[in-house]
Amino acid sequence: MMVTRRTHAVGIVVADLTSPIYPVIVESLQNRLLERGYRMVLIRDPDFSPDPEAVDVLDSATVDGMIFVSAREGSVAVRRVLDRGTPVVLLSRDDDSVDVEAVLADDRGAGELVISHLQGLGHTRIGVLSTLRDRSNGRDREDGVRAAMERRGIPVREDWIQHVRLTHKDGVRASRQVLEKEDRPTALFCATDAFAFAALDAAAQLGIRVPEELSVVGFDDSGPAGWAFINLTTVHQPILEMSYEAVDRLAGRIEGEPPSESTKSVFPVRLEIRTTTAAPPQAVLRPPLRSSV
């Protein structure tokens, strides 16, 4: 290290590991880092933790670079790391306010896949359970669904759209706020699988049958989504390939390779259709009764 001035370690910064997709991302990053000759140092994102100085533990004497997995737009932590000259790559997040490389899924384009599927089943009453708007991936997923609905003439009901913190409890609470309405949607698009699991939990609490009375679509295609008793219809993002790309981009900056022409890599997504989506209840499909007066 004294000769090369490199530690051969990379910091991975995450908000938490409670979402089922985060452990998969971390394992994929670690495997690729080992292949490239680097060790992984895992740390909680100070933007989401009670320790605002946490990121300073990973200074240039500790790590050669950092990958932020859950950075929100305008992240103070990302700016602090960039200001001290440490290479940074964002994974599954973007931030146009800083000059940084990012590896992304086609979050916005997924909306076309989701709405095409739901409309094909007969749904025109569609709600959205999304992240707070400072999370670029959740915002782009929501905006993609909104745009696809508008293109098809499907009404976008603001009272059926919820912006939620990344916890199961908040996801259940927000889902219930929509599903307890007498005038409720027949389908919910959830910006993460974790939110979809919360929506399924809320539906079970309320005695709403899935998919007979409510269709649910997630995003991530995390491991539990494919379990037989869940079998969630969800948008698959290629986490393994995205993680490898993030490591390769960061290693390139550390090792002095010239940057690629584009600062962003956007990976295509696909819809995995399982058993949480079906045609809406026939009662909803019938036209409203007209007065004879």
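As the structure is a computational prediction, the values presented were derived from the model and not from experiment.
Looking at Asn137, its side chain does come within 3.5 Å of a backbone N or O of Ser92 through a donor-acceptor pair. No donor-acceptor distance shorter than 3.5 angstrom exists from the side chain of Thr86 to the backbone of Leu82, with no hydrogens or angles considered. Under the 3.5 Å distance criterion, the side-chain polar atoms of Arg253 are matched with a main-chain donor or acceptor of Arg249. Side-chain N or O atoms of Thr7 include one that pairs as donor or acceptor with a backbone N or O of Thr62 at under 3.5 Å. In this structure, the side chain of Ser222 does not engage the main chain of Ile21 through any donor-acceptor pair within 3.5 Å. The backbone N or O of Glu101 lies less than 3.5 Å from no partner atom in the side chain of Thr263, so there is not a single donor-acceptor pair. Within the 3.5 Å criterion, the main-chain N or O of Ala194 finds no donor-acceptor partner in the side chain of Ser19. At least one donor-acceptor pair under 3.5 Å links the side chain of Asp106 to the backbone N or O of Gly109. Checking side-chain atoms of Ser75 against main-chain N and O of Ala71 turns up no donor-acceptor pair under 3.5 Å. Listed for the Arg176 side chain is no donor-acceptor partner under 3.5 Å among the backbone atoms of Leu206.
In the displayed structure, Asp99 atom CG is contacted under 6.0 Å by at most 12 heavy atoms of other residues, nucleotides or ligands. Counting heavy atoms of neighbouring residues, nucleotides and ligands inside a 6.0 Å radius, atom CD of Glu35 exceeds 12 of them. Other residues, nucleotides and ligands place no more than 12 heavy atoms under 6.0 Å from the CZ atom of Arg165. Counted within 6.0 Å of NZ on Lys264, heavy atoms from surrounding residues, nucleotides or ligands total more than 12; the atom is thus considered enclosed.
Test Leu90, Asp83, Val13 against Val78 for side-chain contact (heavy atoms from CB on, under 4.5 Å) and you get one pass: Leu90.
One finds a salt bridge joining Arg152 and Glu112 here, because a Lys/Arg side-chain nitrogen approaches an Asp/Glu carboxylate oxygen to under 4.0 Å. A salt bridge links Arg139 to Glu73: at least one charged side-chain nitrogen sits closer than 4.0 Å to a carboxylate oxygen.
Linking Ile, Leu, Val, Met, Phe, Trp and Tyr whenever their side-chain heavy atoms come within less than 4.5 Å puts Val24 and Tyr22 in one cluster.
Between the side chains of Arg72 and Ser136, not a single donor N or O lies within less than 3.5 Å of an accepting N or O. Side chain to side chain, Gln237 and Asp221 fail the donor-acceptor criterion of an N or O pair below 3.5 Å. Thr167 and Asp170 form a side-chain donor-acceptor contact under 3.5 Å, judged by distance and modelled atom types alone. Counted by atom type alone, Thr192 and Asp220 present zero donor-acceptor pairs between their side chains at under 3.5 Å. Of the N and O atoms on the side chains of Asn231 and Thr275, at least one donor lies less than 3.5 Å from an acceptor on the other residue.
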Residue pair Arg274, Thr234: steps toward the side chain to side chain contact (heavy atoms under 4.5 Å, CB included) verdict: CA-CA 8 Å; Arg274 299 190 177 109; Thr234 185; 3.5 Å; yes
Derivation and outcome, side chain to side chain contact (heavy atoms under 4.5 Å, CB included), residues Thr276 and Val217: CA-CA 7 Å; Thr276 59; Val217 180; 5.8 Å; no
Would Leu129 and Ser175 satisfy side chain to side chain contact (heavy atoms under 4.5 Å, CB included), going step by step from the backbone distance to the final call? CA-CA 7 Å; Leu129 192 62; Ser175 298; 3.3 Å; yes
Run the side chain to side chain contact (heavy atoms under 4.5 Å, CB included) test on Ser215 and His123 for me, step by step, so that the C-alpha distance in whole Å, both residues' side-chain angles and the decisive distance to 0.1 Å come before the verdict. CA-CA 9 Å; Ser215 287; His123 292 278; 3.2 Å; yes
Would you check, one step at a time, whether the test side chain to side chain donor-acceptor pair (under 3.5 Å) holds for Asn31 with Glu27? CA-CA 6 Å; Asn31 290 341; Glu27 183 179 18; 4.5 Å; no
Kindly indicate, with the supporting measurements, whether the criterion side chain to side chain donor-acceptor pair (under 3.5 Å) is fulfilled by His163 and Thr131. CA-CA 5 Å; His163 299 102; Thr131 64; over 6 Å; no
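Of all heavy-atom pairs spanning Ala102 and Asp94, the tightest one is CB-OD1, 3.8 Å. Scanning both residues, Ala105 and Met242, for their nearest heavy atoms gives N-CE, 3.4 Å. Gly218 and Phe189 get closest at one heavy-atom pair: O-CE1, 4.0 Å. Of all heavy-atom pairs between Ser265 and Glu245, the closest is OG-OE2, 3.0 Å. Summarising the geometry of Leu271 relative to Leu113, their closest heavy-atom pair is CD2-O, 3.8 Å, with the distance given to 0.1 Å. In plain terms, the two heavy atoms of Gly111 and Ala148 that are nearest each other are O-CB, 3.6 Å.
Here Tyr244 sits in one hydrophobic cluster together with Leu240; the rule is ILVMFWY side chains under 4.5 Å apart, joined directly or through other members.
Listed by chain and number, the residues in a side chain to side chain contact (heavy atoms under 4.5 Å, CB included) with Arg146 are Glu142, Asp143, Val156, Glu158, Ile161 (sequence neighbours excluded). Asp183 pairs by the side chain to side chain contact (heavy atoms under 4.5 Å, CB included) definition with Arg125, Arg157, Trp160, not counting sequence neighbours.
A 4.5 Å side-chain heavy-atom check between Leu42 and Gln30 finds every atom pair outside the cut-off. You'll find the side chain of Arg173 stays beyond 4.5 Å of the side chain of His168, heavy atoms only.
Taking the six-membered ring where the residue is Trp, Tyr38 and His8 present tilted rings, their angle falling between 30° and 60°.
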